[in-house]
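Down below is the structure, laid out as structure tokens.
Starting from 1, each residue takes its place in the sequence as its number.
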Amino acid sequence: MSLEQRRLDGPIGDVGGLADRFYPLFRRLFDENGDFVANVEEKLAEARMSDNVEMFLSRALAVGTIAGTALWLLGMLLGYLVFATLFGGEAPSFLGLNLPENLLVIVQALKIPFLTLVSGLLLGTIGFAVGFGSLVSMPYFRSSAREREIDVMLSDAVSFMYALSVGGLNQLDILEAIAEADDTYGEVSKEFQSIVLETEYFDTDYRTAIRNQAIQTPSDELGQFLTDMLSIVDSGGDMTSFLEDQKNKYMRTSKQAQERMLETLELFGEMYMTLSLFPLLLIIILVVMSMMGNASTTLMYITVYGLIPLINVAFLVLVSTVTSDETGDGYLRPDSEERGIVVQDDAGILDLQLIEEYTGERSVFDRIKSREGSYQAMEILRAPHIFFRNNPLYVLVLTIPTTLIAVLLSVLAGWAPTSLTGMQEAPLQGTFFWVYVPAYINFIPLAIFHEWNVRYRKSVIGKLSENLRKLSSANETGMTLLESLRIVAETSSGRLADEFSVIYRKVQYGTSLKQALREFNNKYHVPRLSRTVKLISDAQEASNQIQDVLSTAAQASENQDDIERDRKSRTRMQVVIIVMTFLTLLGVIAMLKVQFFGTMAGLSEQASGGDSVSTGGSFGSNMPGESMLSMLFFHAVTLQAIFSSVIAGYIRNVDLISGLKFAIGLLTVSLMVWIIAGG
């Protein structure tokens with residue numbers, strides 16, 4: 001196949017010129033039918049990247065060559081400067097070998113150019129490997145991310161397909177429904193979109209399309225599901241029974257995956273307990289070494305300000321590789337055929353949505369936009385707490401300027417030291433105004449509104465499974481879904497029952513049931529809720545008797561309840577381990593400050609005042625000052641408190657901001673202990 005034809009097969013966009021120049025190099029280095037090229041091509045397809053493999057690898061070679069050349073030149077320059085400085089004035093020698101004098105002169109003349117060339121080649125090779133490898137690894141990372149999301153969502157997606165099958169939809173309608181539900185099922189829907197698009201635009205029968213997608217999907221679980229489904233289609237088996245079996249299978253699989261993940265987190269919790277204590281032990285060793293005459297202040301600074309953050313960040317990255325957060329943003333958006341429907345989603349506060357499409361066409365639309373903007377501003381001013389509850393991060397717009405003002409006033413008043421010496425002389429006061437005041441000003445409001453937001457949105461899920469069972473029972477008696485919603489609203493309590501009542505009234509006043517359900521979902525935008533609402537809203541369009549669909553939704557919700565309950569129970573112990581580890585570290589460092597400093601200072605005075613002075617200096621003569629050690633210890637405790645809190649929040653809720661409530665508590669404990677210890 002020619003290069004021109006390959007250009008037609010896959011868009012290469014703005015990198016075409018660069019890739020064209022390096023295409024001959026690609027053909028020289030790689031076998032187009034080789035395993036490496038085939039593997040990269042497979043990963044490009046799994047990652048849904050539009051580049052064809054030849055242009056992609058040509059571009060990677062271009063990036064690697066440019067990076068390698070730049071680092072080669074830089075390496076040559078640095079190598080020459082370094083080696084000319086180190087060896088420029090030395091006597092002729094080479095590895096201490098007894099070579100003839102005339103040969104040593106030649107070796108000495110070629111030594112610096114040779115070392116310069118080697119350093120350039122070394123850095124150039126590293127640059128090429130980084131440039132080429134980083135680009136080639138992109139499809140692998142994207143494919144892995146898609147596989148992870150597909151495996152997480154597969155259980156709910158199969159439940160959705162089963163519910164539609166029980167509701168009376170045929171196989172093709174089920175495939176189209178799951179393909180259109182990408183706002184709910186994410187990457188799983190995109191896999192089915194490929195099947196639908198292949199049948200519509202490439203005149204492929206859907207059996208062949210399913211077979212092709214089973215081979216191409218990055219998820220082995222989905223590939224096996226599609227293969228099994230294809231065998232049912234080919235044999236004319238009962239699709240509903242097959243989907244029911246698969247639904248039960250994947251519900252069990254999701255619980256097993258959750259169990260494995262929690263066991264891994266428990267292992268990580270034990271690992272963290274050891275790792276977080278390592279900097280403390282290192283600090284103690286360095287202090288003892290300094291008293292023995294081998295002071296290393298630089299290592300102490302590196303341990304506190306480098307090692308502690310590095311260990312915690314590395315551990316956080318490690319935890320993120322095994323935890324899985326909620327997929328999707330929880331919003332349901334109108335279908336392509338629903339014109340003119342506007343649904344409030346996670347738009348910015350200045351996004352006026354539909355009216356902006358018509359602004360400028362007529363003056364009336366400009367006036368409407370102005371009035372709408374003023375109305376939204378007045379709503380925020382009338383109830384700012386509600387606005388910040390719905391948009392917690394916007395509270396930083398107020399707290400960050402407040403923090404800057406507070407720090408500026410502290411500096412002007414002389415409370416916040418502006419030099420390292422001043423910080424060492426008053427570590428408690430300086431750290432309080434530079435770290436604790438900004439932390440309290442920003443963390444407390446953000447933590448309050450974030451927790452309020454999470455609890456408000458998830459309050460609707462508390463009785464979801466129970467109310468779905470009630471809906472199924474009411475619908476089974478012959479009531480329509482709308483009447484079932486009214487009955488459940490009247491016989492139940494809680495926020496969900498209130499929302500059912502609101503949905504019923506909206507439909508009574510002319511809103512379609514699908515639109516009312518969508519608006520209800522988008523008010524809370526919880527991913528788990530969106531999957532349930534999507535299932536019900538799609539099923540009710542086919543029939544009002546959807547008791548089996550509601551039972552399936554209730555079963556899926558109960559399965560999710562079990563998973564959440566187990567997760568909360570198991571992660572609670574991990575949080576306790578992290579907090580207790582920090583308190584242990586805090587207690588040991590406080591004891592060092594209170595008892596260790598005074599004792600060692602006394603021993604140092606005795607040693608220096610006696611006759612035991614040795615040639616290496618008196619005992620403790622090189623020991624760092626107590627003020628500097630007090631600053632380092634307090635900063636170590638403060639950094640550990642912040643990082644431990646973030647890790648605890650991430651393990652608990654897979655959310656970094658949720659760790660702020662732990663940070664407030666641990667920082668307060670640290671501050672109180674240090675005040676008691678004497679600053």
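The shortest non-hydrogen separation linking Met631 to Tyr301 is CE-OH, 3.8 Å. Scanning all heavy atoms of the two residues, the minimum distance from Ser276 to Leu585 falls at O-CD1, 3.4 Å. Taking all atoms of both residues into account, the shortest heavy-atom contact from Pro417 to Gly430 is CD-CA, 3.3 Å. Nearest heavy atoms, Val304 versus Ala636: CG1-N, 3.8 Å. The heavy-atom pair separating Ser159 from Leu535 by the smallest distance is O-CD1, 4.1 Å. In terms of heavy atoms, Gly269 sits closest to Gln574 at CA-OE1, 3.6 Å.
Residue-environment remark: CE (Met580) stays at or below the threshold of 12 foreign heavy atoms within 6.0 Å. Within 6.0 Å of OH in Tyr305 there are more than 12 heavy atoms belonging to other residues, nucleotides or ligands. With a 6.0 Å radius and a threshold of 12 heavy atoms from other residues, nucleotides or ligands, Lys190 has its NZ atom at or below the threshold.
Using a distance-only test at 3.5 Å, with no hydrogens or angles considered, a donor-acceptor pair links the side chain of Ser658 to the main chain of Gly649. Between the Ser320 side chain and the Val317 main chain, a donor and an acceptor come within less than 3.5 Å of each other. With hydrogens and angles disregarded, a donor-acceptor distance shorter than 3.5 Å links the side chain of Ser492 to the backbone of Val488. Judged purely by atom type and a 3.5 angstrom limit, Ser254 uses its side chain to pair as donor or acceptor with the backbone of Met251. Formation of a donor-acceptor pair under 3.5 Å by the Tyr250 side chain with backbone atoms of Glu221 is found in this model. Counting only distance, with no hydrogens or angles, the side chain of Ser143 and the backbone of Tyr140 share no donor-acceptor pair below 3.5 Å. Remark: side-chain polar atoms of Ser537 are paired, donor with acceptor, to backbone N or O of Val533 under 3.5 angstrom. Under the 3.5 Å distance criterion, the side-chain polar atoms of Ser644 are left unmatched by any main-chain donor or acceptor of Ala641.
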Could you walk me through whether Asn521 and Ser530 pass the side chain to side chain donor-acceptor pair (under 3.5 Å) test, one step at a time? CA-CA 6 Å; Asn521 172 81; Ser530 69; 4.6 Å; no
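Between Lys523 and Glu519, none of the side-chain N atoms (NZ, or NE/NH1/NH2) sits under 4.0 Å from a carboxylate O, so this pair counts as no salt bridge. Ionic pairing of Glu187 and Arg48 is not present here: no N-O contact between side-chain nitrogen and carboxylate oxygen is shorter than 4.0 angstrom. With salt bridges taken as basic N to acidic carboxylate O contacts below 4.0 Å, none links Glu149 and Arg146. Of the charged side-chain nitrogens involved, none lies within less than 4.0 Å of a carboxylate oxygen, so that Asp498 and Arg495 do not count as a salt-bridged pair.
With no hydrogens or angles considered, a side-chain donor-acceptor pair links Arg457 and Asn453 at under 3.5 Å. Checking Thr668 against Tyr440 by side-chain atom types alone, a donor-acceptor pair falls below 3.5 Å. Residues Thr571 and Arg652 have side chains that bring a donor and an acceptor to within less than 3.5 angstrom of each other. A donor and an acceptor atom, one from each side chain of Lys463 and Ser493, are located under 3.5 Å apart.
Sorted by first and then second residue, the ring pair (Phe, Tyr, Trp, His ring centres under 6.0 Å) pairs involving residues 260-289 (not counting sequence neighbours) are Tyr272-Phe315. Contacts classified as salt bridge (Lys or Arg N to Asp or Glu O under 4.0 Å) and involving residues 262-275 (residues at least two apart or in different chains) are given here: Glu266-Arg570. Pairs passing the ring pair (Phe, Tyr, Trp, His ring centres under 6.0 Å) check and including a residue from residues 406-435, sequence neighbours excluded, read Trp415-Phe433. Within the structure, the salt bridge (Lys or Arg N to Asp or Glu O under 4.0 Å) test picks out the following pairs touching residues 380-399 (sequence neighbours left out): Glu379-Arg382.
Partners of Ile285 under the side-chain contact (heavy atoms from CB on, under 4.5 Å) rule, at least two apart in sequence or in another chain, are Met289. The ring-ring contact (aromatic ring centres under 6.0 Å, His included) test applied to Tyr436 returns Phe634, not counting sequence neighbours. Checked against side-chain contact (heavy atoms from CB on, under 4.5 Å), Thr421 has the following partners two or more places apart in sequence or in another chain: Ser419, Glu425. Under the side chain to side chain donor-acceptor pair (under 3.5 Å) criterion, Ser501 pairs with Arg505, sequence neighbours left out. In this view, Phe388 and Phe449 satisfy the ring-ring contact (aromatic ring centres under 6.0 Å, His included) rule, not counting sequence neighbours. With sequence neighbours excluded, the residues forming a ring-ring contact (aromatic ring centres under 6.0 Å, His included) with Tyr456 are Tyr524, listed by chain and number. Under the rule for a side chain to side chain donor-acceptor pair (under 3.5 Å), the partners of His450 that lie at least two apart in sequence or sit in another chain are Asp655.
Just one residue in the list Ile578, Leu586, Val579 forms a side chain to side chain contact (heavy atoms under 4.5 Å, CB included) with Phe582, and that residue is Leu586. Between Asp561 and the options Lys458, Arg528, Lys255, a salt bridge (charged side-chain N to carboxylate O under 4.0 Å, His left out) holds for only Arg528.
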For a quick test of your reading: what N or O donor-acceptor pairs under 3.5 Å do the side chains of residues 397-410 make, sequence neighbours left out?
residue : atom : partner : partner atom : Å
Thr399  : OG1  : Val395  : O            : 3.4
Thr399  : OG1  : Asn442  : OD1          : 3.0
Thr402  : OG1  : Leu398  : O            : 2.7
Thr403  : OG1  : Thr399  : O            : 2.8
Thr403  : OG1  : Asn442  : ND2          : 2.7
Ser410  : OG   : Ala406  : O            : 2.8

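In this structure, Tyr331 and His525 have parallel ring planes: the angle between them is below the 30° cut-off, well short of the 60° mark.
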